[in-house]
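Note that the structure is predicted; figures quoted are calculated from it, not measured. Lettering follows sequence order; numbering is per chain, from 1.
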Protein chains: 2
Amino acid sequence: MEMRQLRYFDSIVKYGTMREAAAKLFISEPSISQQISELQKEIGLPLFEKQGRNVVLTSEGKQLLPLVQAILEAVTELETGISEILNPGSGLIRLGVIPITRLDLVPKKLTEFVKIYPDICVELIESGTLEIIERLLNDTMDVALIAANSRIKSLMELSGIKYKVISNANSVAVVSCSHPLAKYEKISFSQLLDERIILRRQGIYREEIDNFLGDSVKHDGIYSTDTYETSIKLVDSNLGIAIMPETFISAYGLNEGSKIKILFLDDFQVSLDICFIYKKRNYYPLYLTNFMRIFTDTHD
Amino acid sequence: MEMRQLRYFDSIVKYGTMREAAAKLFISEPSISQQISELQKEIGLPLFEKQGRNVVLTSEGKQLLPLVQAILEAVTELETGISEILNPGSGLIRLGVIPITRLDLVPKKLTEFVKIYPDICVELIESGTLEIIERLLNDTMDVALIAANSRIKSLMELSGIKYKVISNANSVAVVSCSHPLAKYEKISFSQLLDERIILRRQGIYREEIDNFLGDSVKHDGIYSTDTYETSIKLVDSNLGIAIMPETFISAYGLNEGSKIKILFLDDFQVSLDICFIYKKRNYYPLYLTNFMRIFTDTHD
DNA sequence: GCTTATTACGGCAATCGTAATGATT
DNA sequence: AATCATTACGATTGCCGTAATAAGC
C-alpha cells in the first residue's frame with residue numbers, strides 16, 4: 001500500500017472519473033487505472049465498480065474512504081509542519097495560568113519544551129479564570145492552565161474553547177498541629193460544621209466550595225483570605241481550618257518540621273478539574289501543537 | 001515522501017539504532033540509511049544526527065515525529081478497517097434515543113447508513129437519559145442520542161463517555177390560537193409568570209426548565225404531562241401554555257390548519273444540547289465509526 | 001577489533017507513458 | 001463517433017542487497 005495509490009484513490013473520488021483525476025495529477029490514465037487495480041488486489045477488496053463507462057465507489061470503497069482521507073490529511077499536516085520549520089514565524093507562546101494552583105507543573109513542562117524549542121519565547125500570564133477565557137477569545141493569549149467546574153466547562157464549550165483535563169484539584173483541609181482535629185488523618189463533612197473555616201476570597205475554587213457548603217456553615221464562620229499563603233498563616237496561628245487544593249500544598253512542599261497538619265477529606269470533594277485550554281481554530285503552528293502535547297501528556 | 005521512509009524513520013526512533021531497526025524490518029542497513037538520507041534531502045531538514053557511532057533525533061526530528069506517527073496510526077486504522085470488512089463480525093448497533101426529541105433525525109440518518117451497510121442490524125432503544133448512560137457503561141448499548149445539560153456533560157466526562165453536540169434543543173412556547181398571547185410572535189419571560197404552564201413531567205428537559213423558572217412560577221401553576229403529545233392536546237383545549245423543544249414541533253410538523261400557535265421565546269432559553277454519545281474505548285468497528293460519522297455530520 | 005553508519009554498484013521490481021483494445025452512450 | 005477504462009509493452013526509475021569504506025568506543 002503506497003501513498004501514491006491512496007492519493008489516486010482519493011482523487012478519483014474527488015473528480016469523479018479516472019480520466020479527470022489523471023489529468024489533475026498530471027499522469028496518464030493507464031497509470032492511475034493500474035495503481036488502483038494493484039491496490040484492490042493487495043487489500044482484497046473492490047474499491048470501484050463500473051457504472052456505464054464511469055467508475056463509482058463500491059460499498060467497501062465508501063467505508064474505507066474516510067480512513068484514507070484521514071491518512072492524507074495527516075500527511076498534509078506533516079508537510080505543513082515541515083514548511084513551518086523551514087519558515088519559522090514569530091515564535092511566541094502566551095501561556096495563562098491561574099494563581100498558584102498546579103503551578104508546580106509549569107516549570108517541569110517548560111523545561112521539557114525548551115529542550116526542543118530553545119528559540120520559542122514563552123510569556124507567562126497569571127490571571128483569573130474568566131479573564132483568561134476572555135483573553136483566549138480575543139487572541140491576546142494562546143493557551144492556559146485553569147481549574148474548571150462544569151459551569152466553566154459549559155461556558156468554554158459555548159464559546160469555542162477546547163479543554164483537556166490533566167488532573168483534579170482535589171481538596172484537603174489544613175489545621176494547626178495544636179488543633180483538636182489534628183489527631184485525625186481524615187475528617188468528614190460533619191466535623192467541619194462547628195469549625196471556623198478559612199477560604200480564599202474569590203475564584204472558581206471558592207465558588208465550588210460555597211456551593212458545597214451551602215447554608216450548612218453559617219457565614220460568620222468563614223474567614224476569607226486573598227491567597228492560600230495567607231490561609232496557611234492563619235492556620236499556623238490556629239485561627240481555624242483551611243480548605244485548599246492539594247496541589248497547592250504539594251507545590252509549596254510543607255516539610256516535616258511544619259506546625260500544620262494536612263487532613264484528607266473523607267466524604268466530600270470539590271469537583272474541579274485542572275484543564276489545559278485553547279481556542280478552537282483551524283490551524284496551530286507546530287511548536288504550539290507540540291507545546292500542547294507536552295502539557296497534556298500526563299504520563300509522568 | 002513515501003510510506004516506507006516514514007516507517008523507517010519511526011522504527012529507528014523506536015529501536016534506537018539503524019542496525020536494529022533494519023533487523024526488525026528485515027531489510028539491510030544500507031537500505032534504511034539510504035532512505036533516510038533521501039527523506040532528509042527531500043524535506044530539506046536533518047532528522048537524525050550522529051552521536052558517537054549512533055544516530056539520535058535532531059530537534060527537527062523531535063518536532064516532526066508525532067506528525068509522522070499520526071500518519072502511521074491512520075494507516076494502521078485503515079488496515080484494521082480492511083480486515084474488518086474481510087472478516088465481518090456480528091454487525092449489530094444498539095442505538096439509544098430519548099423519547100421524541102429530535103427523533104426526526106434518526107430515520108434520515110439511518111437511511112443514509114443502510115445504503116452503505118445493508119447487512120448491519122440497528123436496534124433502536126427508547127429510554128431516559130440516565131438509563132441510556134447506564135447502558136452505555138455496562139455495554140448493553142453502543143451509541144445514543146440524548147439531550148444534555150452541563151450536569152449530564154460533567155457526568156459523562158467523569159464516567160468516560162464521549163459526546164458530540166449535533167444541535168441545540170431550543171425551546172418554544174405553544175398556545176391555543178384562542179389564547180390571548182397568540183397574537184404575539186415572540187413572548188418574554190415576564191409574560192409567562194401569570195400563565196398556567198404545561199410541561200412534560202420528567203426528564204432532563206424538565207429539570208432545566210425547573211431550574212430556570214425557579215420559584216418565580218408557583219407550583220400549582222404547572223400542569224405536568226407524560227408526553228409532549230399530551231401537552232399539545234392540553235394546549236389545544238386552551239388549558240395553558242406549553243414549553244417544549246422546537247425539534248419536537250418540527251418533527252411532528254404541525255401544519256397550517258392547526259389550532260395552535262408557536263411562540264418564540266425572546267429572553268430565555270433552555271441550554272440543552274442534543275448530543276451523540278458513546279463510551280470511550282480503544283477500538284471501534286469500522287461500521288460503528290462510519291455510523292458515528294454519519295450521525296455527527298451536521299452538514300445537512 | 002568490534003560496533004555502527006555510509007558509499008559504491010549491479011540486479012531486479014515497479015512505475016510510467018504510448019499505443020492499442022474494449023466497453024458504453 | 002465520442003468518451004472513458006483497461007491491457008500490452010518497452011523504457012526508466014529507484015529500491016534493495018552485497019561488498020567495501022569510514023568513523024567511534
With heavy atoms under 4.0 Å as the rule, sort [X] into base, sugar-phosphate or nothing.
X     : result
B/F26 : sugar-phosphate
A/I27 : sugar-phosphate
A/T17 : sugar-phosphate
B/Q35 : sugar-phosphate

d([atom1], [X]; [atom2], [N]) in whole Å:
X     : N      : atom1 : atom2 : value
B/E2  : D/dG14 : CD    : P     : 10 Å
B/Q51 : D/dC25 : CD    : P     : 9 Å
B/K50 : D/dA22 : NZ    : C1'   : 8 Å
A/M18 : C/dC16 : CE    : C1'   : 16 Å
A/I32 : C/dG17 : CD1   : C1'   : 14 Å
B/F48 : C/dT4  : CZ    : C1'   : 14 Å
A/I12 : D/dC4  : CD1   : P     : 14 Å
B/M1  : D/dG14 : CE    : C1'   : 18 Å

- Step-by-step side-chain hydrogen bond (donor to acceptor under 3.5 Å, both in side chains) determination, B/Y117 to B/N290: CA-CA 10 Å; B/Y117 292 99; B/N290 276 319; 2.9 Å; yes

- Query: For the side chain of B/R53, counting heavy atoms from C-beta on, which of D/dG17, C/dC2, C/dT15 is nearest?
  - Reply: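 My answer, after comparing the listed nucleotides, is C/dC2.
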
Looking at [X], does any N or O in its side chain come under 4.0 Å of the phosphate oxygens OP1/OP2 on [N]?
X     : N      : value
B/R19 : C/dT4  : yes
B/R4  : D/dC16 : yes
A/Y8  : C/dT15 : no
B/S33 : C/dT6  : yes
B/S31 : D/dC15 : no

- Query: Would a line drawn from the ring center of B/Y287 to the ring center of B/F291 be shorter than 6.0 Å?
  - Reply: no

- Message: Under a 3.5 Å cutoff, is there a donor and acceptor pairing between the side chains of A/E157 and B/Y163?
- Response: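 Checked: A/E157/B/Y163 side chains pair up, N/O donor to acceptor below 3.5 Å.
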
- Answer yes or no: is there an ion pair linking B/R135 with B/D142, defined by an N-O contact shorter than 4.0 Å? no

- Looking only at non-hydrogen atoms, find the nearest pair between B/T296 and B/I166 and report the distance.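 Between these two residues, the closest heavy atoms are CA-CG2, 3.8 Å.
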
- Assign each of A/G52 and A/P30 the nucleotide of DNA chain C bearing its closest heavy atom; nearer the 5' end lies the nucleotide of A/P30

- Task: Could you pick out which residue, B/N54 or A/E29, lies toward the 5' side of DNA chain C when each is mapped onto its nearest nucleotide?
- Result: B/N54

